Amino acid sequence: MRSRAWVEVDAGAIRRNLELVRSHVGAGARVVPMVKCDGYGLGAGLVVEALAPARPFAYGVATVDEGRALRALGVRVPVMVFCPAPPGDLARMARARLVPTISDLESLGVLANAACHADGAEPLPFQVEIDTGMGRSGFALSDAAQWWAEVRAVASPGLRLFGVFTHLHSADGADLGSARRQIERFDDFVGAVEGIPSDALLHVANSAAALRLELGAANAVRPGIFLYGGSVGHGAPTPETVAALRARVVMVREAAPGATVGYGATYRARGRERWATVAIGYGDGLPRELGNAGWALLRGRRSPIVGRISMDTAVVRVAGDVAVGDSVTFLGGDGEADIALGELAEMAGTVAHQVLAGLSARLPRLRMARSRDFV
Ligand SMILES: *Cc1c(COP(=O)(O)O)cnc(C)c1O
């Protein structure tokens, strides 16, 4: 039985998008693909399989469980965990040989303690985040002299400083002034302090920054959304489309003038209309905001979504022929027509990241076939 709704992932496109980043930043910067949130909703296993031939230096995730999932997939390169962790997770990260992010002295103490109890011969790697303006995590620059001394003090023999990084808040905006100032603060810091190991990873850039800004002292970048087909603003290259979101028509009805559809009866047929009920809803991650506002592609033609989107179904108005079993595209290409990730996100009033992260576990993730007619 073929699926009612599914996600198709073009592995080759993910890899080519990574190579685009690589050719843009040059050989001087290592590339650390961000694969948090189950590979931006596309399936970490599929994404890692797609990226492995490009031999990334490391991978980035947000949580200890995501890191352990990569280890279970056989990933042997460093795995960096970027979200500040609750203290209990630090020992788990140490056991899985993940690279935790440290933003405060309390966590540093917990990690140093975990290192004392670790039986591995190698010191535990960790990275330090500094806050240059993002405001959510990272050591403050104002008292750097104080905390840096402690970081250096613990950084041997049980621990090893793997890297230092910061995060930019507006690298995708029209005005890059604030992003440049954040990079300056980062460069001033790494230029001023003593004791950063010569092999430490220094990084500031998400996708947008990697493709739109000069990276200063950094020797690595952390692209995410661009790898998965998300555009990152003016002046940057356009990524290849990676993901398609499709579902099947499960019912077709001829609506009489004045008939209504969906919760709240927010849409009313103006004349005789043909409605196709499609087996996908907000429970699958189709944003509810697209009700009466978004589009679908059916037999290569744009068809409006009518009425509110339900948890499991959505209804589209069809101008031509349609049959139960037809596949309907909400994201990605269908023949000559295409709904880009950025367009879908804008229609839903959000960002590409949230659209992908919202694709639910109910949807199987399939490899995209060369020919689109395999479905
Ligand atoms: C998610 C994340 C990134 C990647 O950002 P994109 O906008 O998806 O490229 C980079 N760095 C950190 C710390 C992140 O959390």
Side-chain angles (χ1 to χ4, degrees), residues 13-14 17-22 24-25 29-42 44 47-48 51 56-67 70 78-85 93 98-103 126-139 162-173 176 178-179 182-183 186 201-213 215 218-240 242-243 341-342 345 350-359:
I14 299 178
N17 288 336
L18 179 98
E19 295 300 353
L20 260 176
V21 174
R22 230 179 218 163
H24 191 92
V25 298
R30 287 171 153 152
V31 179
V32 178
M34 297 299 291
V35 300
K36 60 195 178 184
C37 204
D38 199 25
Y40 282 54
L42 301 181
V47 167
V48 163
L51 289 173
F57 173 76
Y59 288 99
V61 296
T63 71
V64 59
D65 289 324
E66 290 174 352
L70 291 195
V79 174
M80 296 139 77
V81 183
F82 280 90
C83 198
M93 283 190 224
L98 309 173
V99 183
T101 294
I102 298 296
S103 283
F126 71 105
Q127 57 179 357
V128 162
E129 178 175 4
I130 61 174
D131 184 9
T132 56
M134 183 69 176
R136 65 183 182 189
S137 51
F139 282 103
F162 181 88
V164 181
F165 76 97
T166 193
H167 195 57
L168 310 181
H169 56 69
S170 299
D172 55 353
L176 291 171
S178 68
Q182 281 190 265
I183 293 174
F186 181 78
L201 219 57
L202 306 174
H203 41 110
V204 301
N206 60 1
S207 303
L211 294 163
R212 301 180 73 212
L213 284 156
L215 297 176
N219 58 19
V221 295
R222 316 183 294 265
I225 195 68
F226 186 86
L227 307 180
Y228 310 107
S231 297
V232 295
H234 276 294
T238 304
E240 271 189 53
V242 167
L341 182 54
T350 184
V351 291
H353 306 65
Q354 193 187 3
V355 171
L356 294 184
L359 297 172

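Everything quoted here is computed from the prediction, not taken from an experiment. Each ligand, and each atom within it, is numbered from 1 in the order the structure gives.
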field: Identified side chain to side chain contact (heavy atoms under 4.5 Å, CB included) counterpart of Tyr228 within the set Leu341, Asn17, Leu356
entry: Leu356
message: Name the residue from Gln182, Glu129, Arg222 that meets the side-chain hydrogen bond (donor to acceptor under 3.5 Å, both in side chains) definition with His167.
response: Arg222
Please set out all donor-acceptor pairs under 3.5 angstrom arising from side-chain atoms of residues 32-42, sequence neighbours excluded.
from, atom 1, to, atom 2, distance (Å)
Asp38, OD1, Ala44, N, 2.8

message: With rounding to the nearest 0.5 angstrom, report the CG to CD1 distance, Asn206 to Ile225.
response: 10.5 Å
statement: Counting only non-hydrogen atoms and a 4.0 Å cut-off, the residues near ligand 1 are Met34, Lys36, Tyr40, Phe82, Arg136, His167, Asn206, Ser207, Arg222, Pro223, Gly224, Ile225, His353
Pair Phe165 + Phe82: ring centers closer than 6.0 Å: yes
task: Applying side-chain contact (heavy atoms from CB on, under 4.5 Å), run through Leu211 and Phe226 and close with a yes or a no.
output: CA-CA 9 Å; Leu211 294 163; Phe226 186 86; 3.4 Å; yes
